[in-house]
Amino acid sequence: MEMNLEMKAHIVATYWLETPFSLEKASEIIISEQSTGTFMPLPNETESLKQRHRATVLSIEPQDVSPFPALPGARVPVGNKGEYQRGIVKIAFPYDNIGPSIPNVMATVAGNLFELEELSGIRLLDLEFPPQFLERYEGPRFGIVGTRELTGVYNRPIIGTIIKPNIGLSTEELRLIVRELASSGIDFIKDDEVNGNAPYAPLAERVKAAMEEIERAADRTGKKTMYAFNITDDIDMMLRHLDTVVKHGGNCVMISINSIGFAGLAHLRKQAPVCIHGHRNQWGMMSRYPYLGMSFNAYQKLCRISGVDHMHVNGLNNKFHESNASVISGVQECLTPIFSSSDTVVPVLSSKQWAGAAPETYKTLQTMDLMNIAGGGIHGHPGGAGAGFRSLVQGWDAAMAGIPLKEHALTHVELKQALETFS
């Protein structure tokens, strides 16, 4: 079933649904709950009001039938013989109900839907936004092109690392690690998401020490390493941390998107003259169960419109539950324009990354518009972190040139050591 809309703006949400009712009945309950209606007809819910403000079911695509519910708490109608209908439903919500407001988009397209007793499963799969959102939201300031300009990396993925150990280093211990990494010419360094403004090593101290080493190395090498300092905090403190990074010459900050929310991210975007590195920690709470939550496709659009420049997507053969197919899809989605090519962002591959992963990653993804971050794959290299960085560069050089890693390792000692250590 499909329906055409009048020529007016809508936010279109695509859902996977499971229900003990019919898909048509469940869809009508959704649009009633999330637009003009309630559980019973009301005098003021006139036909003219509904024509202006009621959501519209655009299409229903039935799928399979389950003999049991995906979620507890569903109300089973009389006569149901234990069948739960599944399908893909697309619903258009009038823009005039919402305006260019991502917080109110979420109240509309998610809101109370996940609690409805007529649903035994619901997942938000996709969102489509009208161009009116560009009136308020600016999207990424730097994205792929700007990040490449800042790092000076054009002919391969941007390669970086996470400070390890991720917590517990003194400021002076951090200084020494940054000194080695920046002197090696590494493209990118980031704080771990659990290391914010810790009392034992306050962020202001860490920023000062790290940027001193980065600037000193840049004076010698001509290359300034990008460092994503974790400024995640309450809004006022986050903006103070941003000022600290900018004051010391930093060109990137990192935020935990789910900790500060889309509104916090959008506010930061308006204030930040630097790259915003978006970490999606806590994402598993929203995505791991396949019959609840939202897809990465919908999530990354919300993040990109709000202003991230880099977006974590996990890595192939990672240590988490996410499949390679999901990672591949995530990369493709980050590189697909929403409104224009300027709003694409850098997909960030992490988790179990090292030089030997480059050939499969490049063959599978067929793009070098990536950030490839390795923790142990760089810090655990027997030649040190600088050699670990060079091994990843060498691995990617071999992958993009179609040269077997073992052959390339014959003339590249850091790659040879990585293969001997991590294989």
Original post:
Does the side chain of Ser259 come under 3.5 Å of the side chain of Gln282 through a donor N or O and an acceptor N or O?
Top reply: yes

**OP:** Look at atom NZ of Lys270 and say whether more than 12 heavy atoms of other residues, nucleotides or ligands are closer to it than 6.0 Å.
**Re:** yes

Subject >> Minimum-distance pair of heavy atoms, taken over all atoms of Glu420 and Lys416 >> reply: OE2-NZ, 2.6 Å

Subject >> Min side-chain heavy-atom separation Leu268-Leu239 under 4.5 Å >> reply: yes

**OP:** Could you check if a side-chain atom of Tyr362 sits within less than 4.5 angstrom of a side-chain atom of Thr367, using non-hydrogen atoms only?
**Re:** no

Original post:
How long is the span from the CE atom in Met286 to the CE atom in Met294, to the nearest 0.5 Å?
Top reply: 4.0 Å

Original post:
Under 4.0 Å between a Lys/Arg side-chain N and an Asp/Glu carboxylate O for Arg240 and Asp233?
Top reply: no

**OP:** Would you please say whether a donor-acceptor pair under 3.5 Å links the side chains of Ser120 and Glu18?
**Re:** yes

Subject >> Salt-bridge criterion met for Asp191 and Arg206 (N-O under 4.0 Å) >> reply: yes

Original post:
At what distance, to the nearest 0.5 angstrom, does OH of Tyr227 lie from CD1 of Ile214?
Top reply: 7.5 Å

Subject >> Nearest heavy atoms of Pro140 and Ser342, plus distance in Å >> reply: CG-O, 3.8 Å

Subject >> Check: Ser27 side chain, Val57 main-chain N or O, donor-acceptor pair, under 3.5 Å >> reply: no

Subject >> Pairwise distance CD(Glu149) to CD1(Ile144) - rounded to 0.5 angstrom >> reply: 12.5 Å

Subject >> Separation of Ile231 CD1 from Thr244 OG1 (nearest 0.5 Å) >> reply: 9.5 Å

Original post:
Do Leu113 and Gln34 have side-chain heavy atoms sitting under 4.5 Å apart?
Top reply: yes

Subject >> His277 ring center near Phe188 ring center (under 6.0 Å) >> reply: yes

Original post:
Can any side-chain N or O of Tyr137 pair as donor or acceptor with the backbone N or O of Leu302 at less than 3.5 Å?
Top reply: no

Subject >> Inter-residue atom distance Ile378.CD1 - His381.NE2, 0.5 Å rounding >> reply: 9.5 Å

**OP:** State, to 0.1 Å, how close Ser391 and Gly377 come at their nearest heavy-atom pair, and which atoms those are.
**Re:** OG-O, 4.5 Å

**OP:** For atom NZ of Lys301, decide whether the heavy atoms of other residues, nucleotides or ligands shown that lie under 6.0 angstrom number more than 12.
**Re:** yes

Original post:
Say you draw a straight line from CZ of Arg269 to CD1 of Ile255; how long is it, rounded to the nearest 0.5 Å?
Top reply: 13.0 Å

**OP:** Evaluate the ring planes of Tyr291 and Tyr289, with Trp represented by its six-membered ring, and classify them as parallel (under 30°), tilted (30 to 60°) or perpendicular (over 60°).
**Re:** perpendicular

Original post:
Thinking salt bridges, do Asp187 and Arg156 make one under a 4.0 Å N-O criterion?
Top reply: yes

Subject >> Heavy-atom pair with the smallest gap, counting every atom of Leu392 and Ala374 >> reply: CD2-CB, 4.0 Å

**OP:** Indicate the atoms forming the closest heavy-atom contact of Leu169 with Leu174, along with that distance.
**Re:** CB-N, 4.5 Å

Original post:
Regarding Thr147 and His310, is there a side-chain donor-to-acceptor distance under 3.5 Å anywhere?
Top reply: yes

Original post:
Checking Arg304 against Tyr299: charged group under 6.0 Å from the ring centre and within 45 degrees of the axis?
Top reply: no

Original post:
Considering only heavy atoms from C-beta outward, does the side chain of Asn314 approach that of Leu349 to under 4.5 Å?
Top reply: no

Subject >> Check: Trp396/Asn372 side-chain N/O donor and acceptor closer than 3.5 Å >> reply: yes

Subject >> Leu181 versus Ala385, closest heavy-atom pair with distance >> reply: CD2-CB, 3.5 Å

Subject >> Arg288 CZ: over 12 foreign heavy atoms closer than 6.0 Å >> reply: no

Subject >> Check ion pair Arg54-Glu28 (N to O, under 4.0 angstrom) >> reply: yes

Original post:
Counting only N and O atoms by type, is there a donor-acceptor contact under 3.5 Å from the side chain of Asn104 to the main-chain atoms of Ser101?
Top reply: no

**OP:** Decide if atom NZ of Lys90 counts as having more than 12 heavy atoms of other residues, nucleotides or ligands within a radius under 6.0 Å.
**Re:** no

**OP:** Report the C-alpha separation of Asn166 and Glu193 in whole Å, then their side-chain angles, then the decisive distance to 0.1 Å, and conclude whether the side-chain hydrogen bond (donor to acceptor under 3.5 Å, both in side chains) test is met.
**Re:** CA-CA 8 Å; Asn166 54 359; Glu193 66 273 15; over 6 Å; no

Original post:
With distance as the sole criterion, is a donor-acceptor pair present between the side chains of Asn281 and Asn258 under 3.5 Å?
Top reply: no

**OP:** Could you please spell out the steps behind the side-chain hydrogen bond (donor to acceptor under 3.5 Å, both in side chains) verdict for His379 and Thr161?
**Re:** CA-CA 8 Å; His379 292 280; Thr161 192; 3.2 Å; yes

Original post:
Would Glu322 and Arg280 pass as an ion pair if we require N to O under 4.0 Å?
Top reply: yes

Subject >> CZ/Phe68: more than 12 non-hydrogen atoms of other groups inside 6.0 Å >> reply: no

**OP:** Answer yes or no: is there a side-chain heavy-atom contact under 4.5 Å between His241 and Phe229?
**Re:** no

Original post:
Taking it one step at a time, do Asp96 and Lys8 satisfy salt bridge (charged side-chain N to carboxylate O under 4.0 Å, His left out)?
Top reply: CA-CA 9 Å; Asp96 284 345; Lys8 61 182 181 179; over 6 Å; no

Original post:
Are His279 and Lys190 close enough that some pair of their side-chain heavy atoms sits under 4.5 Å apart?
Top reply: yes

**OP:** Verify side-chain hydrogen bond (donor to acceptor under 3.5 Å, both in side chains) between Asp126 and Asn297, making sure each step is shown before the conclusion.
**Re:** CA-CA 6 Å; Asp126 196 9; Asn297 188 32; 3.1 Å; yes

Original post:
Hey, does Val89 have a side-chain heavy atom less than 4.5 Å from the side chain of Thr14?
Top reply: no

**OP:** Kindly indicate whether the side chain of Cys275, heavy atoms from C-beta on, has any atom under 4.5 Å from the side chain of Val253.
**Re:** no

Subject >> Expected output: side-chain Asn318 to main-chain Gly315 donor-acceptor under 3.5 Å >> reply: yes

Original post:
So Thr421 and Gln417, side-chain hydrogen bond (donor to acceptor under 3.5 Å, both in side chains) or not? Walk me through it.
Top reply: CA-CA 6 Å; Thr421 302; Gln417 291 174 321; over 6 Å; no

**OP:** Identify whether the distance between the nearest side-chain nitrogen and carboxylate oxygen of Lys25 and Glu118 falls below 4.0 Å.
**Re:** no

